[in-house]
Peer 1: 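Let me give you the structure first, and then I'll get to my questions.
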Amino acid sequence: MYIAVDDTDSRSGMCTTYLVFPLIEEIEKSGLDVIGYPRLVRLNPNIPWKTRGNGAIVVRAGKGYGRKFKIGEYKGEELWAYEKGKNIMADISIRSLSRYFILEDENTNPGVVISLRKLPESLYWKGVRYILSMEYVEKILDNYGARIYKFKNGRGVIGASAAIAWKARRYTYELLTYLPRDRWKKERWVDERSVIAMDKKTQSTFDNYDYRNKYVAIKPHALTPVLFGIRGLDPEELIRAKDMVKSDAYEGWIIFLTNQATDDHIVRRRIGEVRPYESVRLRGTVSKEPKVIEGGHVIFAITDSSGEIQCAAYEPTKEFREVIKKLHMGDDIEVYGGVRKEPFTVNLEKIRILRLKKIKVKVENPICPKCGKRMKSIGRGKGYRCRRCGIKVGEDSARYEYLDREISPGWYEVPVIARRHLARPIKLMEC
Ligand code: ATP
């Protein structure tokens, strides 16, 4: 059976991922095994009511067989999972989970879904790319005979169901470490130098440290149970990476299989067909020159035959804005990013420059063929005249050079400090 939980935390505390520990405890208490890595599934990053990263967790339980492997530790105990297993339905105490729900927060609406069978994959794709209604999800859950537990309006059922439906066609891993309860609301310490050393020594981890902005990306901003999280492609290497990081003591760690860094949220669209709350990949030609607006955000527009849309590199994307500022009208590019309703703008995650327009700039007026004096312009597009001899020449007699574009075709992305969970880093694009 698949057990999924979502929407349990608030901005001021807790983290839904922590519930993996009481959940595993309950699974073991009921005599079942954990099958596969627990999953952390990120859903539509543009939905307005998410707390932070719009993530739900899923643990599969049943009678395990095949290879057994370590997935974490909690309060001195090792946690193990089986590679394969037979799904079995059992009673799980929801109460042991619900004591962690932040029900007093008005925006927290926990949902738990237990399903013997995997839910249809389309539910995942809709959940990661569009907006799902509770009604639609509940109909599917009903058809699949899933059990649901709603707290308050129970909106978490949506994310929990979409998470069960994830088939992990593309995936990465994240190892998360957790502080003991008395430290959840306190400042915590993760040693910057050790994170840099880990980043340099490991091959398959990514987004650990932002060198330019001197930012330790593995440490969350919020004061939650999570001390740090390391992302990567190889779970064995993540365990070694964790031991290279110097930090406060933690009481548990777990490896999740996740859809982070997969670009699963991205849909290919023509510009005129973009709808709010989607994350899109659009090909177009720059139709409005980039300009810097108040707050340091850089805005420009692209078009194709179906329409025009505004794109933005917001201030938090730091040096990425310098690339955007170098774009000019006529450049052919591909943009990736999320779209909100208001403003209806592509919030850029990365771009690919396909072709830079060759831009001719005049460097010198022509010289008079008779007297050798520099000629004067008669007016835009009208050519030049020599003041002394009165001779006229055409516009193309001036000396032109191609503008040094300072950028070249290829991929450019926001720095690690501004990376979104689902966005695939360029270094993984070929993987
Ligand atoms: P955390 O990651 O810390 O758990 P969060 O950022 O995931 O917090 P939630 O508190 O889970 O935010 O809020 C997201 C809410 O949106 C959940 O109730 C979830 O069920 C719901 N939700 C997720 N994806 C969709 C979707 N595509 N359409 C409609 N509702 C969604």
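Atoms within each ligand, like the ligands themselves, are counted from 1 in listed order. Residues: numbered from 1 along the sequence shown.
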Peer 1: Should you measure from each heavy atom of Tyr130, which atoms of ligand 1 turn up under 4.0 Å away?
Peer 2: 26 (C), 27 (N), 28 (N)
Peer 1: Looking only at the side chains, is there a donor atom on one of His421 and Arg231 sitting less than 3.5 Å from an acceptor on the other?
Peer 2: yes
Peer 1: Which protein heavy atom lies closest to atom 3 (O) of ligand 1, and at what distance to 0.1 Å?
Peer 2: Asp9 OD2, 2.3 Å
Peer 1: May I ask you to check whether over 12 heavy atoms, not counting those of Glu192, lie within 6.0 Å of atom CD?
Peer 2: yes
Peer 1: Run the numbers for me: atoms of ligand 1, each under 4.0 Å from some heavy atom of Gly53, listed by number.
Peer 2: 2 (O), 6 (O)
Peer 1: Please check if any side-chain donor atom of Asn259 sits under 3.5 Å from a side-chain acceptor atom of Thr262, or the reverse.
Peer 2: no
Peer 1: Please identify which of these residues, Leu282, Thr345, Val335, Thr303, meets the side-chain contact (heavy atoms from CB on, under 4.5 Å) condition with Ile309.
Peer 2: Leu282
Peer 1: Could you tell me whether Asp7 approaches ligand 1 through its side chain, its backbone, both or neither, with non-hydrogen atoms closer than 4.0 Å?
Peer 2: both
Peer 1: Would you say Cys15 contacts ligand 1, with heavy atoms under 4.0 Å as the rule?
Peer 2: no
Peer 1: Going by the order shown, which atoms of ligand 1 are within less than 4.0 Å of some heavy atom of Gly156?
Peer 2: 18 (O), 20 (O)
Peer 1: How close does the nearest protein non-hydrogen atom get to atom 10 (O) of ligand 1, and which residue and atom is it?
Peer 2: Thr51 OG1, 2.5 Å
Peer 1: What is the closest protein heavy atom to atom 22 (N) of ligand 1, and at what distance does it sit?
Peer 2: Ile47 CD1, 3.5 Å
Peer 1: Measure from the side-chain N and O atoms of Lys75 to the backbone N and O of Pro180, and report whether any donor-acceptor pair falls under 3.5 Å.
Peer 2: no
Peer 1: Looking only at distances, please establish whether an N/O atom of ligand 1 is found under 3.5 Å from an N/O atom of Thr8.
Peer 2: no
Peer 1: Indicate whether any N or O donor in one side chain lies under 3.5 Å from an N or O acceptor in the other, for Ser204 and Glu237.
Peer 2: yes
Peer 1: Do Gly55 and ligand 1 have an N or O pair less than 3.5 Å apart?
Peer 2: yes
Peer 1: Which of the atoms in ligand 1, numbered in the order shown and given with their element, are less than 4.0 Å from a heavy-atom of Thr16?
Peer 2: 4 (O)
Peer 1: What protein heavy atom sits nearest atom 11 (O) of ligand 1, and how far off is it?
Peer 2: Asp6 OD1, 2.6 Å
Peer 1: Please assess Lys126 against Tyr136 for the test side chain to side chain contact (heavy atoms under 4.5 Å, CB included), listing each intermediate value before the final yes or no.
Peer 2: CA-CA 11 Å; Lys126 287 182 179 145; Tyr136 175 85; 2.7 Å; yes
Peer 1: Starting from atom 28 (N) of ligand 1, locate the nearest protein heavy atom and write down its residue, its atom name and how far away it is, to 0.1 Å.
Peer 2: Leu132 N, 2.8 Å
Peer 1: Tell me the protein heavy atom at minimum distance from atom 16 (O) of ligand 1, and give that distance in Å.
Peer 2: Trp49 NE1, 3.0 Å
Peer 1: Could you list the atoms of ligand 1 found under 4.0 angstrom from a heavy atom of Arg155?
Peer 2: 18 (O), 19 (C), 20 (O)
Peer 1: Give every residue pair that meets the ring pair (Phe, Tyr, Trp, His ring centres under 6.0 Å) criterion with at least one member in residues 79-112, sequence neighbours excluded.
Peer 2: Tyr18-Tyr100, Phe101-Phe151
Peer 1: Just heavy atoms, cut-off under 4.0 Å: does Leu43 contact ligand 1 by side chain, backbone, both, or neither?
Peer 2: side chain
Peer 1: Taking atom types as modelled and ignoring hydrogens, do the side chains of Asp7 and Thr16 form a donor-acceptor contact shorter than 3.5 angstrom?
Peer 2: no
Peer 1: Salt bridge (charged side-chain N to carboxylate O under 4.0 Å, His left out): which pairs involve residues 254-275, sequence neighbours left out?
Peer 2: Arg170-Asp264, Asp263-Lys350, Arg269-Glu278, Arg270-Glu273, Arg275-Glu278
Peer 1: Are the aromatic rings of Tyr336 and Trp411 close, with centres under 6.0 Å apart?
Peer 2: yes
Peer 1: Heavy-atom contact check, 4.0 Å cutoff: does Asn109 meet ligand 1?
Peer 2: no
Peer 1: Using heavy atoms and a threshold below 4.0 Å, how should the contact between Asn54 and ligand 1 be classified: side chain, backbone, both, or neither?
Peer 2: both
Peer 1: Which atoms from ligand 1 have a heavy atom of Gly127 less than 4.0 Å away?
Peer 2: 27 (N)
Peer 1: Of Tyr37, Phe256, Phe206, which meets ring pair (Phe, Tyr, Trp, His ring centres under 6.0 Å) against Tyr173?
Peer 2: Tyr37
Peer 1: Please report whether ligand 1 has a polar contact with Asn44, defined as an N or O pair separated by less than 3.5 Å (distance criterion only).
Peer 2: no
